[in-house]
Amino acid sequence: MSSTVSEQQLHPNVIPYWRIYRFLSILKKTALVSIPIAIHLLWLPQWKWIMYAATAYLLFHWCKALFYIFYGVRFSYARRSYVLTSDEIIIRWGNIWSAHSSVIPLSRVLHVVIEQDVIQKKLGISDLAIVTAGDANYILGLLEEDTTKLRRQVIELAKIGDTGAYGE
């Protein structure tokens, strides 16, 4: 294995996953905010401010969600990548307004977990969680095979596979 792996992008299937996830999230918010509207309509018709506040909240969050679904997802995808070297992993992420990165020394890695929900399973992608003593960092939207391969590489480079903690 080479000491450095070039910068890797996420799989493009993460784009529809983020869109579906954001759409389900806004539907959940809509259902919750509908409660005050129903209260206004059924029990407190004189309290019009409840309906106005709830409607303004919904409009704001629907506009924000639609903007993210159509435009923001592309920026998030373009800014997400990772680089695995022989002694650290660098994870980059961001959105329209910001870019961030985390450098994780492999000597600090305690646990490496593959996570996958139902929608990700359908799209053939999964997430890799890299846990250190202070935090967990995620590489989102990798193909299932790539996630398994990257997990194995991180375990081997971190020398945590020898402890038997992974049952392998």
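Side chains are part of it too, since the values below use all heavy atoms of this structure and drop only hydrogens, waters and symmetry mates. Just so you know, residue 1 is the first one in the sequence shown, and it goes up from there.
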Treat each ILVMFWY residue as a node, draw an edge where side-chain heavy atoms are under 4.5 Å apart, and state whether I39 and W49 are in one component.
yes
Test side-chain contact (heavy atoms from CB on, under 4.5 Å) applied to F70 and R19, step by step:
CA-CA 8 Å; F70 291 113; R19 287 179 174 158; 5.7 Å; no
For side-chain contact (heavy atoms from CB on, under 4.5 Å), just list the numbers for V73 and V14, CA-CA rounded to whole Å, side-chain angles, deciding distance to a tenth of an Å, and then say yes or no.
CA-CA 9 Å; V73 168; V14 77; over 6 Å; no
For the backbone of I125 and the side chain of Q116, can you confirm whether one donor and one acceptor N or O come within less than 3.5 Å of each other?
yes
Report yes if some heavy atom in the side chain of Y57 is under 4.5 Å from a heavy atom in the side chain of T30; otherwise report no.
no
Separation between CG of L10 and CD1 of I139, rounded to the nearest 0.5 Å
8.5 Å
Interatomic spacing from NZ in K64 to CD1 in I69 - rounded to 0.5 Å:
12.0 Å
Passing option when N137 is tested against L128, I91, I89 for side-chain contact (heavy atoms from CB on, under 4.5 Å):
I91
Candidate pair L157 and L84, rule side-chain contact (heavy atoms from CB on, under 4.5 Å), full reasoning
CA-CA 10 Å; L157 290 172; L84 177 64; 3.9 Å; yes
Taking the side chain as C-beta and beyond, is there a heavy-atom pair between R92 and I90 under 4.5 Å?
yes
Under 4.5 Å between any side-chain heavy atoms of Y82 and L142, yes or no?
yes
So do D146 and L150 actually touch side chain to side chain, heavy atoms under 4.5 Å?
no
I37 pairs by side-chain contact (heavy atoms from CB on, under 4.5 Å) with which of I50, L58, L42?
L58
Separation of L143 CG from T148 OG1 (nearest 0.5 Å)
10.0 Å
Rounded to the nearest 0.5 Å, how far does CG of L106 lie from CD of E88?
7.5 Å
For W47 together with H40, are the ring centres under 6.0 Å from each other?
no
Heavy-atom check, side chain of Q120 versus side chain of D117, under 4.5 Å:
yes
Decide yes or no for V109 and I104: does some side-chain heavy atom of the first lie under 4.5 Å from some side-chain heavy atom of the second?
yes
Spell out, yes or no, whether F23 and V33 are grouped together once hydrophobic residues are joined by side-chain heavy atoms under 4.5 Å, including indirect joins.
yes
Full working for side-chain hydrogen bond (donor to acceptor under 3.5 Å, both in side chains) between S81 and E7:
CA-CA 6 Å; S81 63; E7 187 166 2; 2.4 Å; yes
For the CH2 atom of W93 and the OG atom of S102, what is their distance to the nearest 0.5 Å?
3.0 Å
Mind checking whether N95 and R79 have side chains closer than 4.5 Å, heavy atoms only?
no
Mind telling me whether F67 and W97 have parallel, tilted or perpendicular rings, with 30° and 60° as the class edges?
tilted
I114 side chain reached by D127 side chain, heavy atoms, under 4.5 Å:
no
Atom CG of L140 and atom CH2 of W18: how far apart are they, to the nearest 0.5 Å?
6.5 Å
Hydrophobic clustering (ILVMFWY, side-chain heavy atoms < 4.5 Å, transitive) - are I155 and V131 grouped together?
no
Quick check: is Y71 connected to L66 through a chain of hydrophobic side chains (ILVMFWY, heavy atoms under 4.5 Å apart)?
yes
Side-chain donor or acceptor of S25 paired with backbone N/O of Y21 under 3.5 Å
no
Under a plain distance cut-off of 3.5 Å, with no hydrogens placed, do H100 and S98 share a side-chain donor-acceptor pair?
yes
Here the pair of heavy atoms bringing A129 nearest to E115 is CB-OE2, 4.1 Å
For the hydrophobic clusters of this structure (ILVMFWY residues joined by side-chain heavy atoms under 4.5 Å, transitively), does one cluster hold both Y17 and Y77?
yes
